[in-house]
Amino acid sequence: MWAMVYLLKGNTVLLGQRLSSHGHSTFALPGGHLEFGELFEECAARKVKEETSLNIEKIEFITVTNNVFLTN
């Protein structure tokens with residue numbers, strides 16, 4: 001499972017520039033894989049801390065989707 005985090009301040013959203021080969025130089029929301037037994041909110045806080053050094057509060061779970069990505 002994967003969590004994406006929308007960090008909102010006023011009418012702005014925090015994006016990070018990807019440095020890895022996957023999507024290099026594109027922009028993306030902070031996020032990543034959930035650890036076994038981890039809640040979405042815990043994952044959100046952990047990934048934002050790992051990727052931005054920010055501590056976030058007032059985490060609100062919004063939705064879950066079930067997307068299937070077919071290989072080429």
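We number each residue from 1, following the sequence as shown.
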- Task: Walk me through it: do C43 and E35 pass the test side chain to side chain contact (heavy atoms under 4.5 Å, CB included)?
- Result: CA-CA 7 Å; C43 179; E35 300 291 337; over 6 Å; no

- Item | Worked verdict on L29 versus V13 for side chain to side chain contact (heavy atoms under 4.5 Å, CB included) | CA-CA 8 Å; L29 298 165; V13 176; 3.8 Å; yes

- Task: Could you go through the side chain to side chain contact (heavy atoms under 4.5 Å, CB included) check for L54 and K49 one step at a time?
- Result: CA-CA 5 Å; L54 296 172; K49 179 70 172 178; over 6 Å; no

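The main-chain N or O of L39 is found under 3.5 Å from a side-chain atom of E42 such that the two form a donor-acceptor pair.
Contacts classified as ring-ring contact (aromatic ring centres under 6.0 Å, His included) and involving residues 36-55 (residues at least two apart or in different chains) are given here: F40-F61.
Residues that satisfy the ring pair (Phe, Tyr, Trp, His ring centres under 6.0 Å) test with H24, not counting sequence neighbours, are absent from this structure. A search for side chain to side chain donor-acceptor pair (under 3.5 Å) contacts involving R46 returns E38, E50, not counting sequence neighbours.
In this structure, I59 is not a member of the same hydrophobic cluster as Y6, with clusters built from ILVMFWY side-chain heavy atoms closer than 4.5 Å. One hydrophobic cluster, built from ILVMFWY side chains closer than 4.5 Å, cannot hold both V5 and L15; they sit in different ones.
Between L14 and P30, the shortest heavy-atom distance links the atoms O-CD, 3.8 Å.
In this structure, CD1 on I56 lies 10.0 Å from CD on E41, to the nearest 0.5 angstrom.
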